[in-house]
Amino acid sequence: MQSAKFALIAPFTVRQERASEIREIHEFVRKAFASAHYAEGDEQDFVYKQRNEALYLPELTLVLEDSGRLIAHVMLTQTAICTAIGLNPILLLACVAVATEYRNRGVGTAFIEVALQRAFNLGHAAVILVGDPTYYRRLGFVPSSEFGITNKNGIEPHHVQVRELVPGALRGASGSILLPS
């Protein structure tokens with residue numbers, strides 16, 4: 001993965017979330033998705049549940065602050081594609097939440113890129129997500145079906161998207177994935 005310029009992140013602080021702020025983050029995610037274009041309404045509960053799973057990666061659960069104020073949250077957790085030859089590990093990008101007043105300014109996009117760069121630096125090769133195809137296409141995500149990856153959750157295929165952090169990482173990854181719910 002090539003480094004990118006994150007000028008929009010420069011005045012802000014990116015750090016790992018703290019256990020002491022779990023309630024604040026829960027409410028932040030709820031509020032952020034209450035006004036989001038693409039939302040199920042239970043994203044805050046999904047984030048809470050993922051923290052308690054064995055595949056949780058605290059080093060890839062990040063917050064973005066502006067002068068000490070929480071303005072964005074992102075979580076990457078582990079999952080795997082079930083292929084004919086076994087499990088192919090992959091990350092799940094879950095619930096990117098951005099404060100309303102920081103939307104449409106490139107902050108969310110830059111924050112996601114920072115999170116993906118951290119994932120790459122930690123040795124992860126690919127990421128899958130369920131989200132708005134129009135938004136995530138700009139970040140290099142493509143439908144998982146382009147790699148022969150299907151989901152067992154009944155989610156519309158165009159919403160399940162992947163991005164290789166390492167070129168060729170998903171070559172031969174054809175299989176199915178059970179996305180957490």
Going through the checks in order, is the side-chain contact (heavy atoms from CB on, under 4.5 Å) test met by Val96 and Tyr135? CA-CA 12 Å; Val96 178; Tyr135 179 81; 5.7 Å; no
Ion pair present between Glu146 and Arg137, side-chain N to carboxylate O less than 4.0 angstrom? no
Check: His159 main-chain N/O paired with Tyr136 side-chain donor or acceptor under 3.5 Å: no
Checking side chain to side chain contact (heavy atoms under 4.5 Å, CB included) against Leu93, which of Leu129, Leu139, Val162 comes through? Leu129
Nearest 0.5 Å, what's the CZ-NE2 distance between Arg118 and His124? 12.5 Å
Can you give me the closest heavy-atom contact between Gly108 and Val98, atom names plus distance? CA-CG2, 3.9 Å
Euclidean distance, Glu156 CD relative to Asn151 CG, rounded to 0.5 Å: 10.5 Å
Ile149 versus Val160: any side-chain heavy-atom pair under 4.5 Å? no
Euclidean distance, Ile155 CD1 relative to Thr150 OG1, rounded to 0.5 Å: 11.5 Å
Report yes or no: does Arg51 contribute a side-chain atom to a donor-acceptor pair with the main-chain N or O of Tyr56 at less than 3.5 Å? no
Output, in order, the C-alpha distance, side-chain angles, deciding distance and verdict of side-chain contact (heavy atoms from CB on, under 4.5 Å) for Val74 and Val114. CA-CA 10 Å; Val74 67; Val114 167; over 6 Å; no
Treating Glu21 as the side-chain partner and Arg18 as the backbone partner, does any N or O pair qualify as donor plus acceptor under 3.5 Å? yes
Closest heavy-atom pair, Ile128 versus Ser144, reported as atoms and distance to 0.1 Å, is CD1-CB, 4.4 Å
With rounding to the nearest 0.5 angstrom, report the CZ to CD1 distance, Arg30 to Ile25. 15.0 Å
dist Glu59:CD -> Leu76:CG (nearest 0.5 Å) comes out at 10.0 Å
Those residues that, when tested against Asn88, pass side-chain contact (heavy atoms from CB on, under 4.5 Å) (two or more places apart): Ile81, Thr83, Ala173
Check whether any side-chain N or O of Gln161 sits under 3.5 Å from a backbone N or O of Gly131 as a donor-acceptor pair, and report yes or no. yes
Shortest non-hydrogen contact from Phe28 toward Ala99: CZ-N, 3.5 Å
In terms of hydrophobic clusters joined by side-chain contacts under 4.5 Å, are Leu91 and Val166 together? yes
Could you give me the CA-CA distance, side-chain angles and deciding distance for Cys82 and Ile177, then say whether side-chain contact (heavy atoms from CB on, under 4.5 Å) is met? CA-CA 6 Å; Cys82 298; Ile177 190 163; over 6 Å; no
Side-chain donor-acceptor pairs of residues 60-70 under 3.5 Å, sequence neighbours excluded:
| residue | atom | partner | partner atom | Å |
| --- | --- | --- | --- | --- |
| Thr61 | OG1 | Leu57 | O | 3.1 |
| Glu65 | OE1 | Arg15 | NE | 3.4 |
| Glu65 | OE2 | Arg15 | NE | 3.3 |
| Glu65 | OE2 | Arg15 | NH2 | 2.8 |
| Asp66 | OD2 | Tyr102 | OH | 2.5 |
| Arg69 | NH1 | Glu101 | OE2 | 3.0 |
| Arg69 | NH2 | Glu101 | OE2 | 2.1 |

More than 12 heavy atoms from other groups under 6.0 Å of CZ on Arg23: no
Is it possible for you to say whether Ile112 and Leu122 belong to one hydrophobic cluster, with membership spreading through side-chain heavy-atom contacts below 4.5 Å? yes
If you compare all heavy atoms of Gly148 against all heavy atoms of Ser174, which two are closest, and at what distance to 0.1 Å? O-OG, 3.2 Å
Apply side-chain contact (heavy atoms from CB on, under 4.5 Å) to residues Ile22 and Glu17 and explain how you reach the verdict. CA-CA 8 Å; Ile22 300 305; Glu17 72 174 13; 3.8 Å; yes
